[in-house]
Trainee: 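I have a structure here, written as structure tokens, and I will follow up with some questions on it.
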There are 2 protein chains.
Amino acid sequence: MARDPHDQRGRPGFRVPDGDAGKVFPNFAVTVDCVLVVMDNGLPHVVLTKRQLDPFADEWGLPGGFKRVDETLDEAITRQLYEKAGIRLKVAPRQLGAFGNPNRDPRPNVVTVVFLALTRSAPKWFPGRNVTAVDMFPLDDVANGEVETAFDHRVLVEQARQAIADRLELEPLVIDLLPPAFTLSELCSVYESFWRVRLDQSNVRRALLRPSRPYLETTGERVSSSDRGRPPEIFRPTSNWREGPPPIRFPRGQSSLSSWD
Amino acid sequence: MARDPHDQRGRPGFRVPDGDAGKVFPNFAVTVDCVLVVMDNGLPHVVLTKRQLDPFADEWGLPGGFKRVDETLDEAITRQLYEKAGIRLKVAPRQLGAFGNPNRDPRPNVVTVVFLALTRSAPKWFPGRNVTAVDMFPLDDVANGEVETAFDHRVLVEQARQAIADRLELEPLVIDLLPPAFTLSELCSVYESFWRVRLDQSNVRRALLRPSRPYLETTGERVSSSDRGRPPEIFRPTSNWREGPPPIRFPRGQSSLSSWD
DNA sequence: CCAATAGTGTCTGTCAGACAATATTGC
DNA sequence: GCAATATTGTCTGACAGACACTATTGG
């Protein structure tokens with residue numbers, strides 16, 4: 001090792017606060033933001049808020065705000081969703097990542113923890129304090145930059161999409177993104193949206209209705225008013241969805257579209 | 001909706017700082033910790049440090065410390081690994097999660113961002129400021145609590161193991177955990193450690209040496225001094241590892257041991 | 001010789017992907 | 001009938017899992 005780790009040359013004026021017997025240096029503001037993904041009309045959407053004041057300057061951005069000292073991160077995001085957008089979620093948001101680049105937010109010393117939450121239908125919302133509007137936008141439009149968003153929120157949304165795509169293969173996430181009963185087409189389109197592939201519906205059907213381990217059971221009903229075409233059957237997930245391994249895996253043949261590159 | 005979102009009853013004295021035109025409330029100290037997983041002797045280990053001062057009270061814990069205002073989170077963890085443990089990593093740590101429970105750290109208002117880094121061999125280390133010792137321990141011993149660790153660091157290590165297990169199926173992570181050339185047994189044991197399953201080595205061989213898409217090529221060499229048994233061949237990964245889909249997937253038959261429960 | 005590990009070959013049932021053929025609806 | 005969608009059926013090659021068998025080493 002060429003250099004003594006205690007050697008602080010090249011870092012003029014540097015002093016390490018850590019280790020000072022319980023002392024704390026409260027230099028940071030911590031904010032929590034949420035990428036709230038809502039399935040609507042079979043397509044993933046993202047809920048954004050428009051805020052009046054700096055540094056948001058009337059741009060669409062992820063709902064969120066400052067964490068308080070006496071609450072956990074989970075409590076903070078739950079509270080912020082309600083205060084900024086009037087949204088009460090039934091599911092707990094999970095973390096997507098933390099961001100602490102000093103140049104990210106125009107304000108210095110801000111560290112942001114970004115959450116990800118999924119709901120199968122649009123929740124009720126309500127513009128909260130300093131929020132002029134709440135609305136949802138197709139996820140792809142936001143990820144592609146067709147909707148102008150503040151800071152790096154566009155990138156965060158794309159990261160959220162990728163995280164969901166990854167977890168679809170590892171967890172029974174799909175049924176959280178669908179109503180309690182649904183058609184095969186609806187189910188396929190969830191995978192197709194997040195994986196950006198086409199699935200053969202007849203093969204999906206076979207995988208899910210396999211007699212030895214059925215992941216779906218029919219409700220006996222059919223969709224009443226389909227615009228055109230044969231009205232599809234309506235299915236309900238069985239307990240195998242939550243207990244067994246996820247039945248649909250990312251198609252191996254079409255690798256170019258996915259995450260290993 | 002029964003309650004106006006602006007109604008603040010039940011939260012006496014509460015005031016929202018957000019939205020105040022660029023004002024920032026620096027209430028928090030931000031720390032970064034790293035779960036550094038090192039393959040040694042074919043087994044995953046974790047590097048821990050022992051610190052003198054409160055609140056670490058001579059317990060083993062993850063290396064880490066305070067983030068500074070003028071650096072990113074990535075820079076902070078890189079710096080802390082060097083200052084606390086003298087470790088220079090060749091790979092960038094990735095995030096595992098953020099923790100902000102007010103009761104987690106005995107010090108109030110601390111938010112911790114935990115990173116995860118992988119290396120294929122033990123790095124050089126050196127006890128840094130206020131650190132009395134640096135050492136590595138078998139990951140399983142730490143995750144099982146056989147090694148006494150500070151705060152919730154035991155849980156963080158177990159989360160790291162699960163995160164690696166998940167990513168093994170999605171990314172060419174294995175070759176980052178192995179030396180540039182290795183035997184089939186060594187490769188199998190990486191999967192086996194993180195997935196907690198047994199793989200049939202002959203089937204793994206077939207999957208990796210498939211003529212249509214070989215993931216391994218032989219170096220022509222063999223291990224010289226094997227304690228007993230036939231000396232194994234030494235392989236080198238081909239470019240297919242980084243370009244194609246990961247060739248080994250979690251075995252579906254043995255679901256009970258894994259992550260969907 | 002035995003124990004231990006590596007490597008080869010093979011069998012079998014399952015599965016993925018493609019796609020043809022039929023069914024049912026609105027127009 | 002036509003377009004569109006759903007559903008059933010089928011064919012084929014790939015693959016996973018199991019396992020028997022052979023090879024090569026140290027003792």
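Throughout, protein chains are lettered first and strands after them, A, B, ... in sequence-line order, and every chain is numbered starting at 1.
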Trainee: Nearest to the side chain of B/Ser202, which nucleotide is it out of D/dT7, D/dC19, C/dG7?
Mentor: D/dC19
Trainee: Run the side-chain contact (heavy atoms from CB on, under 4.5 Å) test on A/Arg206 and A/Gln201 for me, step by step, so that the C-alpha distance in whole Å, both residues' side-chain angles and the decisive distance to 0.1 Å come before the verdict.
Mentor: CA-CA 9 Å; A/Arg206 188 184 43 195; A/Gln201 186 171 328; over 6 Å; no
Trainee: Grab the CG-P distance between A/Leu199 and D/dT5 for me, whole Å please.
Mentor: 17 Å
Trainee: With distance as the sole test, does A/Ser193 use its side chain to make a donor-acceptor pair with the main-chain N or O of A/Pro44 at under 3.5 Å?
Mentor: no
Trainee: Of the listed nucleotides (D/dG9, C/dA4, C/dT25), which one gets closest to any side-chain atom of A/Pro231?
Mentor: C/dT25
Trainee: Given the structure, check if the side chain of A/Asp200 and the base of C/dA16 hold any donor-acceptor pair shorter than 3.5 Å.
Mentor: no
Trainee: Ignoring the backbone of A/Pro232, work out which of D/dT7, C/dG26, D/dA16 is nearest its side chain.
Mentor: D/dT7
Trainee: Tell me which nucleotide among D/dC15, D/dT5, C/dG7 gets nearest to the side chain of A/Arg230.
Mentor: D/dT5
Trainee: May I have the distance from A/Asn203 (atom CG) to D/dA14 (atom P), rounded to whole angstrom?
Mentor: 17 Å
Trainee: Does A/Arg210 make a side-chain N or O approach to OP1 or OP2 of C/dA16 shorter than 4.0 Å?
Mentor: yes
Trainee: Between C/dG9 atom C1' and B/Leu209 atom CG, what is the distance in whole Å?
Mentor: 14 Å
Trainee: Nearest to the side chain of A/Arg206 - D/dG17, D/dT7, C/dA18?
Mentor: C/dA18
Trainee: Could you give the CD-to-C1' distance, from B/Glu233 to D/dT22, as a whole number of Å?
Mentor: 15 Å
Trainee: Verify whether one side chain among A/Thr218 and A/Glu233 offers a donor that lies under 3.5 Å from an acceptor in the other.
Mentor: yes
Trainee: May I ask you to verify if any side-chain N or O of A/Ser185 is less than 4.0 angstrom from the OP1 or OP2 atom of D/dA6?
Mentor: yes
Trainee: Please report, rounded to the nearest Å, how far the C1' atom of C/dA23 is from the CD atom of A/Gln201.
Mentor: 14 Å
Trainee: Let me spell it out: for each of A/Ile234 and B/Ala207, pick the nucleotide of DNA chain D with the closest heavy atom. Which residue's pick is nearer the 5' end?
Mentor: A/Ile234
Trainee: Looking at A/Arg205, I'd like to know whether one of its side-chain N or O atoms comes within less than 4.0 Å of OP1 or OP2 on D/dT7.
Mentor: yes
Trainee: Separation of A/Arg222 atom CZ from C/dT24 atom C1', in whole Å?
Mentor: 8 Å
Trainee: Could you check how far CZ of B/Phe250 sits from C1' of D/dG17, rounded to whole Å?
Mentor: 14 Å
Trainee: Between A/Tyr82 and A/Arg88, is there a cation-pi geometry (under 6.0 Å to ring centre, at most 45° from the normal)?
Mentor: yes
Trainee: In whole angstrom, what separates B/Leu208's CG from D/dA16's P?
Mentor: 10 Å
Trainee: Using a heavy-atom cut-off of 4.0 Å across all strands, would you classify B/Arg249 as base, sugar-phosphate, or nothing?
Mentor: nothing
Trainee: Nearest to the B/Arg228 side chain among D/dA18, C/dA18, C/dA4, which nucleotide is it?
Mentor: C/dA4
Trainee: Taking the six-membered ring of A/Phe194, is the NZ or CZ of A/Arg161 close enough (under 6.0 Å from the centre) and on axis enough (within 45°)?
Mentor: no
